Amino acid sequence: MPQRSTPLTIELALLGFVRGRPLHGYEIHQRLCAPGGLGDVWRLKQPLLYAHLKRLEAEGFLAATVEVQSDRPARRLLAITAAGEAAFVRWLAQPVTRGRDLRLEFLAKLFFARSEGQEMALHLLDMQQRQICRWLDDIAAQRRELAPEAIYERLVLDYRSGQVNAALQWLAMVRSELASSAEVQR
């Protein structure tokens, strides 16, 4: 039996667009590219989007129905399946595990977590902050183990530490922004 491959981050994020209601591929692309959305972070050409959607359908995360139109070609309407819903919820609740994934994957998670509500967004922030603190602990441990003459290695770790600390400060700013936007909505 062939081994089932794990969906890519971008594919899991695409599931978030069809959670509310079934959509056509073109509608998903329009939502992805809309100002103030993931289009500010991700660039995804339509043919690649359709390839990702086909893979999600093949994996059982999306189900398609054909919508017949009298004056136009039939269109495929995509809906999330129970397996797709479960995969999306799992993906959304987990922090990213590598620093380089903060820019694309974490921002996608934050985009959808906010649409789930304040509680989900804050949960994601808490989980990510804990993950980043673990990264800082690992960097500090690596630095302590370096020999005194390992100047370059120390500089590399100091650079990483600076980046990770900046990410931690940014998460604190995100939390503050979410808290103030929640107060405005009250």
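What you are looking at is a predicted structure, and each value in this text was computed from that prediction instead of being measured.
Scored by the side chain to side chain donor-acceptor pair (under 3.5 Å) test, His52 finds Glu11 as partners (sequence neighbours excluded).
No side-chain heavy atom of Ile10 sits under 4.5 Å from any side-chain heavy atom of Leu48. Residues Glu116 and Phe112 have side chains not in contact (no heavy-atom distance under 4.5 Å, counting atoms from C-beta outward). Within the 4.5 Å cutoff, side-chain heavy atoms of Val41 are placed close to those of Leu104. Side chains of Arg98 and Val96 form no contact here, defined as non-hydrogen atoms less than 4.5 Å apart.
In this structure, Phe111 and Phe17 have tilted ring planes: the angle between them lies in the 30° to 60° band.
Taking both residues in full, the closest heavy atoms of Cys133 and Leu168 are given as SG-CD2, 4.2 Å, listed atom of the first, atom of the second, then distance. The shortest non-hydrogen separation linking Gln128 to Leu171 is CG-CD1, 3.8 Å. The shortest non-hydrogen separation linking Leu124 to Gln94 is CD1-O, 3.9 Å. Taking both residues in full, the closest heavy atoms of Leu49 and Gly25 are given as CD2-O, 3.5 Å, listed atom of the first, atom of the second, then distance. Leu12 and Phe88 get closest at one heavy-atom pair: O-CD1, 3.2 Å. Residues Trp170 and Leu107 come closest through the heavy atom pair CH2-CD2, 3.5 Å.
Here the CZ-CD distance, from Arg160 to Gln142, works out to 6.0 Å after rounding to the nearest 0.5 Å. With values rounded to the nearest 0.5 angstrom, His123 atom NE2 is found 8.0 Å from Asp126 atom CG. Distance check: Glu177 CD to Arg114 CZ gives 8.5 Å after rounding to the nearest 0.5 Å. Here NE2 of His29 is found 8.5 Å from NZ of Lys45. Values are rounded to the nearest 0.5 Å. Put simply, CG on Leu125 and CZ on Arg130 are 11.0 Å apart, with the number rounded to the nearest 0.5 Å. Distance CG/Leu155 to CZ/Arg143: 8.5 Å, rounded to 0.5 Å.
Hydrophobic clustering (ILVMFWY, side-chain heavy atoms < 4.5 Å, transitive): Trp42 and Leu102 are in one cluster. No single ILVMFWY cluster, assembled from side-chain heavy atoms under 4.5 Å apart, contains both Leu122 and Val89. When the side chains of ILVMFWY residues are joined at heavy-atom separations under 4.5 Å, either directly or via intervening members, Tyr159 and Val164 end up in two distinct hydrophobic clusters. Under the 4.5 Å side-chain contact rule for hydrophobic residues, Met173 and Met127 do not share a cluster.
In Ile151, the CD1 atom is not crowded: 12 or fewer heavy atoms of neighbouring residues, nucleotides or ligands sit closer than 6.0 Å.
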Legend entry - Derivation and outcome, side chain to side chain contact (heavy atoms under 4.5 Å, CB included), residues Leu38 and Arg31: CA-CA 8 Å; Leu38 282 181; Arg31 287 185 178 199; over 6 Å; no
Legend entry - Check against side chain to side chain contact (heavy atoms under 4.5 Å, CB included), Ser161 and Asn165: CA-CA 6 Å; Ser161 179; Asn165 271 306; 3.4 Å; yes
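A donor-acceptor pair is defined here as one N or O able to donate and one able to accept, closer than 3.5 Å; no such pair exists between the side chain of Gln46 and the backbone of Tyr26. The backbone N or O of Ala172 lies less than 3.5 Å from no partner atom in the side chain of Ser176, so there is not a single donor-acceptor pair.
Residues Gln131 and Arg134 bring a donor and an acceptor atom of their side chains to less than 3.5 Å of each other.
Cluster partners of Tyr152, by chain and number: Val156. The rule joins Ile, Leu, Val, Met, Phe, Trp and Tyr whenever side-chain heavy atoms lie under 4.5 Å apart.
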Cut-off 3.5 Å, no hydrogens considered: what does the side-chain donor-acceptor table look like for residues 60-68, sequence neighbours left out?
residue: Glu67; atom: OE1; partner: His24; partner atom: NE2; Å: 3.1

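Glu105 and Lys109 are joined by a salt bridge, as a carboxylate oxygen and a charged side-chain nitrogen come within less than 4.0 angstrom of each other. Ionic pairing of Arg75 and Glu27 is not present here: no N-O contact between side-chain nitrogen and carboxylate oxygen is shorter than 4.0 angstrom.
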